[in-house]
Undergrad: 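Take a look at this one; I'll ask things after.
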Amino acid sequence: MTEIKEGLKGVVIAQSNICFIDGAKGELVYSGINIHELAEQAQFEEVIFLLLHQRLPKQSELSELKSFLAENSTLPGAVLEILRQLPKDMEPMASLRTAVSTLSAFDPNLDNTELNTQQQRILKLCAQIPSIVAAIERIRQGKEVIAPDPKLSLAANFLYMLRGEKPDEIAVRAMDVALILHADHGFNASTFAARVTTSTLSDVYSAVTSAIGTLKGPLHGGANQQVMQMLLKIGDQDPVDFIKKALANKGKIMGFGHRVYRTEDPRATHLRRMSQQLCESTGQQKFFEMSQKIEQFMNNEKKINANVDFYSATVYYSLGIPADLYTLLFAMSRISGWGAHILEQYKNNSLIRPRAEYIGPRDQHYIPIAQR
Ligand code: SDX
């Protein structure tokens, strides 16, 4: 009798230099550096470099990376045209998936798979995805698409392109920390999807498109949008009563639980604090208070902790970002982790191809249709 590892729970299939998670202790480490130190001291651009090189950049390398990102954050006109042609009510994650897939058509030397060329592709995607996300929002609002300002950081540029005005320092730092917190998380479903695609020696755009499609699901990156929609739906109702009813109907409470963490998700620690600060400073404290009541109930009654998606929802809400863009913000950050894993897979590849235990019918024979 073959032992089935449903959902690959607990299965280790490779060694990696990129991310360490201790689910029992609630520890998250990017290439040796604890997420708490990075959230408190780093810039997202430093984390991009760290994930790709397993070390922090020197000042000259950071400046060079920032220049590269600034120089490569504009989109081919044809991609903007395609975004304009898409139905206005298309799911934004589907629009992002379409745009990233289309970018492959504008890559002059797609068949060049040397590692440094692949790395440049990934850095270009790190630069272009925020521009795509902002363009998706501006186009569906019927507003002009704002070109990136090369003087701004990636986080600041995104908010500028989204809103059409220079963002304040508090909003920029909140966005920067959110990008750091979402950058990588080991062999999560979307990263694994990128690695499976890469393991066939398919191209970077196909691997990232696979990852975006996987992140979209509500059990993964789609949860943050569902959290905000739940909080808005609760409105003035008692949040705990709402949750009890949902649980009684066998529903999953979005933003809670995790395949690996058996204690608090260390990212939630930072996002909870940011949510409290931003909700209070923007007059949205009712959403933070509602979140706290839900979290206390889930912790005490269900023994289930908040994950990265629970408080990121109210952080983004207080920044004035529409709920159906939240998973795209997740992708804006996670492209750095996906890219690091894609490169790592290329460097030491083995086709990823598990088996299944067949339990279907046996010894059947073809019967001509006239006799069926
Ligand atoms: C992300 O993998 C990663 O690293 C992902 C991620 C990353 O950075 O890439 O961390 C990002 O995807 C975070 C997770 C976002 N998803 C959600 O918030 C959706 C809600 N969460 C659940 O669907 C669930 O917790 C999962 C999918 C995240 C994990 O589920 P598992 O590991 O498959 O565990 P399970 O669903 O079997 O749950 C175990 C028990 C079950 O009870 P029983 O059926 O055994 O009685 O806990 C219960 C579950 O019902 N449970 C929940 C729950 N999560 C688990 N019950 C209610 N609400 C929940 N959220």
Side-chain angles (χ1 to χ4, degrees), residues 4-13 16 18-24 26-30 35 38-39 47 51 93 178-195 208 210-231 239-240 242-271 291 294-295 297-314 323 326-341:
I4 305 287
K5 294 280 190 180
E6 190 189 306
L8 294 180
K9 279 183 184 172
V11 173
V12 177
I13 71 148
S16 176
I18 300 165
C19 175
F20 170 72
I21 303 171
D22 182 326
E27 208 175 281
L28 173 57
V29 175
Y30 292 169
I35 194 68
L38 293 168
V47 169
L51 292 171
M93 274 297 276
L179 291 168
I180 290 167
L181 292 171
H182 287 80
D184 193 59
H185 213 244
F187 276 32
N188 60 83
S190 55
T191 299
F192 187 63
R195 289 190 81 129
V208 174
S210 298
I212 291 171
T214 306
L215 185 72
K216 183 173 180 287
L219 292 190
H220 187 16
N224 53 16
Q225 170 182 340
Q226 306 272 332
V227 169
M228 198 63 230
Q229 286 167 348
M230 172 183 74
L231 296 176
V240 174
F242 185 94
I243 295 300
K244 284 179 179 172
K245 282 193 197 105
L247 290 169
N249 292 328
K250 299 287 178 225
K252 288 276 190 340
I253 309 305
M254 296 291 119
F256 285 90
H258 200 276
R259 174 60 60 81
V260 178
Y261 289 120
R262 289 294 158 257
T263 183
E264 172 144 305
D265 181 332
R267 301 166 295 180
T269 310
H270 295 275
L271 290 161
S291 300
I294 293 169
E295 182 182 25
F297 176 81
M298 288 298 286
N299 284 356
N300 301 336
E301 303 301 319
K302 295 290 287 182
K303 309 294 179 231
I304 300 177
N305 288 294
N307 58 47
V308 67
D309 290 305
F310 188 61
Y311 284 104
S312 58
T314 40
Y326 294 0
T327 310
L328 289 83
L329 269 61
F330 200 141
M332 267 170 51
S333 164
R334 190 54 61 88
I335 175 62
S336 57
W338 292 334
H341 283 272

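Just so you know, ligand 1 is whichever comes first in the structure, and atom 1 is the first atom listed for that ligand.
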Undergrad: Below 4.0 angstrom from a heavy atom of His185, which ligand 1 atoms are there? Numbered from 1 as shown, please.
TA: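 Near His185, meaning under 4.0 Å from one of its heavy atoms, ligand 1 has 3 (C), 4 (O), 7 (C), 8 (O), 9 (O), 10 (O).
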Undergrad: Does atom 42 (O) of ligand 1 have a protein heavy-atom neighbour under 4.0 Å away?
TA: no
Undergrad: Going from CD1 on Ile18 to NE2 on His341, what distance comes out if it is rounded to the nearest 0.5 angstrom?
TA: 4.0 Å
Undergrad: Which heavy atom of the protein is the closest neighbour of atom 24 (C) of ligand 1, given with residue, atom name and distance?
TA: Phe256 O, 4.2 Å
Undergrad: Supply the atom-to-atom distance Phe187 CZ to Leu8 CG, rounded to the nearest 0.5 angstrom.
TA: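 Going from the CZ atom of Phe187 to the CG atom of Leu8 covers 11.0 Å.
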Undergrad: Once you restrict to heavy atoms under 4.0 Å, what part of Ser190 touches ligand 1? Side chain, backbone, both or neither.
TA: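 For Ser190, there is no contact with ligand 1 at all, from either part.
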Undergrad: Mark up the atoms of ligand 1 that fall under 4.0 Å of a heavy atom belonging to Ala223, in ascending order.
TA: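 Listed by number with element, the hits are 15 (C), 16 (N), 17 (C), 18 (O).
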Undergrad: Protein heavy atoms near atom 26 (C) of ligand 1, is at least one of them under 4.0 angstrom away?
TA: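 Neighbour list for atom 26 (C) of ligand 1 is empty of protein heavy atoms (cut-off 4.0 Å).
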Undergrad: How would you list all residue pairs meeting side-chain hydrogen bond (donor to acceptor under 3.5 Å, both in side chains) that involve residues 328-337, not counting sequence neighbours?
TA: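 side-chain hydrogen bond (donor to acceptor under 3.5 Å, both in side chains) check on residues 328-337 returns Asn188-Arg334.
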Undergrad: Applying salt bridge (Lys or Arg N to Asp or Glu O under 4.0 Å), can you list everything that pairs with Arg267, at least two apart in sequence or on another chain?
TA: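 For Arg267, the residues satisfying salt bridge (Lys or Arg N to Asp or Glu O under 4.0 Å) (neighbours in sequence not counted) are Asp265.
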Undergrad: Looking only at distances, please establish whether an N/O atom of ligand 1 is found under 3.5 Å from an N/O atom of Met254.
TA: no
Undergrad: Can you confirm whether something in the protein, heavy atoms only, sits under 4.0 Å from atom 10 (O) of ligand 1?
TA: yes
Undergrad: Identify the protein heavy atom lying closest to atom 58 (N) of ligand 1, giving its residue, its atom name and the separation to 0.1 Å.
TA: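 Result for atom 58 (N) of ligand 1: Ile253 N, 2.9 Å.
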Undergrad: Heavy atom to atom 36 (O) of ligand 1, shortest distance: which of Gln226, His258, Lys252 holds it?
TA: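 Heavy atom nearest to atom 36 (O) of ligand 1 belongs to Lys252.
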Undergrad: Could a heavy atom of Asp309 be found less than 4.0 Å from some atom of ligand 1?
TA: yes
Undergrad: For the residue pair Phe330 and His220, categorise the inter-ring angle as parallel (less than 30°), tilted (30 to 60°) or perpendicular (more than 60°).
TA: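 Aromatic pair Phe330/His220 classed perpendicular.
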Undergrad: What protein heavy atom is closest to atom 33 (O) of ligand 1, reported as residue, atom name and distance in Å?
TA: Arg259 NH2, 2.9 Å
Undergrad: Can you label the angle between the Phe256 ring and the Phe310 ring as parallel, tilted or perpendicular, going by 30° and 60°?
TA: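 Phe256 and Phe310: tilted rings.
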Undergrad: Do Met254 and Asp309 come within less than 4.5 Å of each other through their side chains, counting heavy atoms only?
TA: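 No, every pair of side-chain atoms sits at 4.5 Å or beyond.
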Undergrad: About how many Å separate CZ of Arg259 and CG of Asn307, when rounded to the nearest 0.5 Å?
TA: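 Going from CG on Asn307 over to CZ on Arg259, the span is 13.0 Å.
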Undergrad: Is Leu247 touching ligand 1 with its side chain, its backbone, both, or neither, if touching means heavy atoms under 4.0 Å apart?
TA: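 The answer is the side chain.
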Undergrad: Answer yes or no for Lys250: is there a heavy-atom contact with ligand 1 below 4.0 Å?
TA: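 Outside the 4.0 Å threshold, so no.
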Undergrad: Is atom 45 (O) of ligand 1 less than 4.0 angstrom from some protein heavy atom?
TA: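 Flag for atom 45 (O) of ligand 1 set to false, no protein heavy atom closer than 4.0 Å.
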Undergrad: Going from CD1 on Ile21 to CD1 on Ile35, what distance comes out if it is rounded to the nearest 0.5 angstrom?
TA: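 Output value for this atom pair is 10.0 Å.
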Undergrad: Is the closest side-chain heavy-atom distance between Lys252 and Ile304 below 4.5 Å?
TA: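 Lys252 does not reach Ile304 side chain to side chain.
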Undergrad: So is Gly255 close enough to ligand 1, meaning a heavy atom under 4.0 angstrom away?
TA: yes
Undergrad: So which bit of Lys9 gets within less than 4.0 Å of ligand 1, heavy atoms only: side chain, backbone, both or neither?
TA: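 Side chain only; the backbone of Lys9 stays clear of ligand 1.
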Undergrad: How does Arg267 reach ligand 1, if at all, at less than 4.0 Å between non-hydrogen atoms: by side chain, backbone, both, or neither?
TA: side chain
Undergrad: For ligand 1, which atoms sit closer than 4.0 Å to a heavy atom of Pro218?
TA: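 Checking each atom against Pro218, I get 16 (N), 19 (C).
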Undergrad: Just to be sure I read this right, does ligand 1 sit under 4.0 Å from the backbone of Leu219, its side chain, both, or neither, counting only heavy atoms?
TA: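 For Leu219, backbone and side-chain atoms both sit under 4.0 Å from ligand 1.
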Undergrad: Students should be able to answer this: which protein heavy-atom is nearest to atom 12 (O) of ligand 1, and at what distance?
TA: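 The closest one turns out to be His220 ND1, 2.9 Å.
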Undergrad: Measure from the side-chain N and O atoms of Asn249 to the backbone N and O of Gly251, and report whether any donor-acceptor pair falls under 3.5 Å.
TA: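 Answer holds: no.
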Undergrad: Any idea which protein heavy atom is nearest atom 28 (C) of ligand 1, and the distance to it?
TA: Gly257 O, 3.8 Å
Undergrad: Strictly under 4.0 Å, does any heavy atom of Gly222 approach an atom of ligand 1?
TA: no
Undergrad: Tell me if a side-chain donor or acceptor on Tyr30 pairs with a main-chain N or O of Ala183 at a distance below 3.5 Å.
TA: yes
Undergrad: If you round to the nearest 0.5 Å, how far is OG1 of Thr314 from CG of Leu271?
TA: 8.5 Å
Undergrad: Quick check on contacts: which atoms of ligand 1 are under 4.0 angstrom from a heavy atom of Asn188?
TA: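 Within the 4.0 Å cut-off of Asn188, ligand 1 contributes 2 (O), 3 (C), 4 (O), 5 (C), 9 (O).
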Undergrad: Report yes if some N/O of Phe330 lies less than 3.5 Å from some N/O of ligand 1; otherwise report no.
TA: no
Undergrad: For atom 30 (O) of ligand 1, is there a protein heavy atom at a distance under 4.0 Å?
TA: no
Undergrad: Do the side chain of Thr327 and the main chain of Lys216 share a donor and acceptor less than 3.5 angstrom apart?
TA: no
Undergrad: Would you say ligand 1 has an N or O under 3.5 Å from any N or O of Gly251?
TA: no
Undergrad: Within the side chain of Lys302, is there an N or O that forms a donor-acceptor pair under 3.5 Å with the backbone of Asn299?
TA: no
Undergrad: Taking N or O atoms only and a 3.5 Å limit, does Asp265 qualify as a polar contact for ligand 1?
TA: no
Undergrad: Counting only heavy atoms, which portion of Ile304 has something under 4.0 Å from ligand 1: side chain, backbone, both, or neither?
TA: side chain
